[in-house]
Amino acid sequence: MRETEAGPGGPSGHAPGVSRRDLLRLGFRGAGGLTLAGLVDVPAAWAATESMKLSEVNEFTTSCNFCSCGCGMVATVRDGKLVTMEGDVDHPVSHGSLCVKGISMFATHASPKRLGTPRYRAPGSDHWEEISWKDAAEKIARKIHKTRDENWIATEKVDGVDVPVNRTEAIAFLGGAQNTNEECYLFQKAARLLGLVFVEHQARL
Ligand code: SF4
């Protein structure tokens, strides 16, 4: 992920060539020229930028996490809060384009309908109840432990000889396009340590 200072005067952080920020700078220089001609009130113009989306923000380049195409996005953050997400015109793959899922990224991030806490539906129950992240992690860990122990395959006969295999076929692991390379590395380690052999990725389905 690359962070850039947005707004007039900040480094662009983008590859050589004319970027969106270069164009903005050209626009401000143009405004300076107009000032000399007495056509623009610069303090008033700067004051007006306070409410603009590129004022007082940091920009981060990132990738859309909805599928494996990896289209480039620019996220603008003000005071630690995400304020916009849009296609990165300088991205070598997508050149600023996003499909309808990618475009909706910001809406889903900020949606009040998005669940913020884990929910649990007990066996036989007809409703979900909110539980803490700690309780959720413990429940999952207990189920993994129990399933693994009850379905452990220590050895397998090969040509009449018992050879150690140490695996379970009762649990599968499915990764997603939103996982980073680093996360996938750790997931693989965890899955293999648990003895899982069915390890797959959403992008191959
Ligand atoms: S914008 Fe669409 S095509 Fe691009 S990565 Fe996101 S979901 Fe995939």
Side-chain angles (χ1 to χ4, degrees), residues 1-8 10-28 49 51-121 128 130 133 136-137 140 144 171-194 196-205:
M1 181 183 287
R2 184 181 65 222
E3 179 184 0
T4 65
E5 273 294 321
S12 74
H14 273 247
V18 178
S19 71
R20 186 167 52 106
R21 279 155 286 275
D22 293 332
L23 290 172
L24 280 172
R25 279 195 206 96
L26 286 172
F28 279 107
T49 65
S51 59
M52 291 171 63
K53 73 174 185 180
L54 288 179
S55 174
E56 303 296 328
V57 298
N58 284 330
E59 288 190 337
F60 298 88
T61 52
T62 184
S63 301
C64 172
N65 62 14
F66 284 142
C67 88
S68 54
C69 291
C71 297
M73 305 183 87
V74 178
T76 51
V77 176
R78 182 186 290 126
D79 296 330
K81 202 170 166 197
L82 185 65
V83 290
T84 67
M85 291 196 84
E86 59 193 13
D88 182 355
V89 294
D90 300 322
H91 194 273
V93 172
S94 51
H95 301 291
S97 298
L98 295 173
C99 77
V100 68
K101 282 190 295 178
I103 288 170
S104 66
M105 173 88 67
F106 179 71
T108 54
H109 167 84
S111 172
K113 291 183 178 171
R114 186 172 172 171
L115 294 181
T117 53
R119 297 198 176 181
Y120 173 69
R121 194 174 73 179
W128 295 88
E130 281 191 6
W133 287 101
I140 293 168
I144 289 175
I171 307 173
F173 187 92
L174 181 65
Q178 63 267 55
N179 302 138
T180 64
N181 283 343
E182 292 77 11
E183 285 170 339
C184 288
Y185 177 83
L186 294 172
F187 291 155
Q188 275 283 357
K189 287 270 186 195
R192 302 301 180 189
L193 280 169
L194 286 168
L196 274 57
V197 287
F198 301 131
V199 181
E200 254 301 354
H201 191 273
Q202 158 257 319
R204 269 167 40 96
L205 300 181

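Just so it is clear, the values below take in all heavy atoms, side chains as well, and ignore hydrogens, waters and symmetry mates. Atoms within each ligand, like the ligands themselves, are counted from 1 in listed order.
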What's the shortest heavy-atom distance between C71 and S97, and which atoms? CB-O, 4.1 Å
Using a 3.5 Å distance criterion without hydrogens, assess whether the side chain of S94 forms a donor-acceptor pair with backbone atoms of G72. yes
Do L194 and I144 have side-chain heavy atoms sitting under 4.5 Å apart? yes
State, with a plain yes or no, whether a side-chain heavy atom of F198 is found less than 4.5 Å away from one of F173. no
For ligand 1, which atoms, with element, lie under 4.0 Å from some heavy atom of G70? 5 (S)
Within less than 2.8 Å of atom 2 (Fe) of ligand 1: protein N, O or S atom count: 1
Please report the interatomic distance CG(D79) to CG(N58), rounded to the nearest 0.5 Å. 10.0 Å
Considering only NZ, NE, NH1 and NH2 on the basic side and carboxylate oxygens on the acidic side, decide whether E56 and R78 come within less than 4.0 Å. no
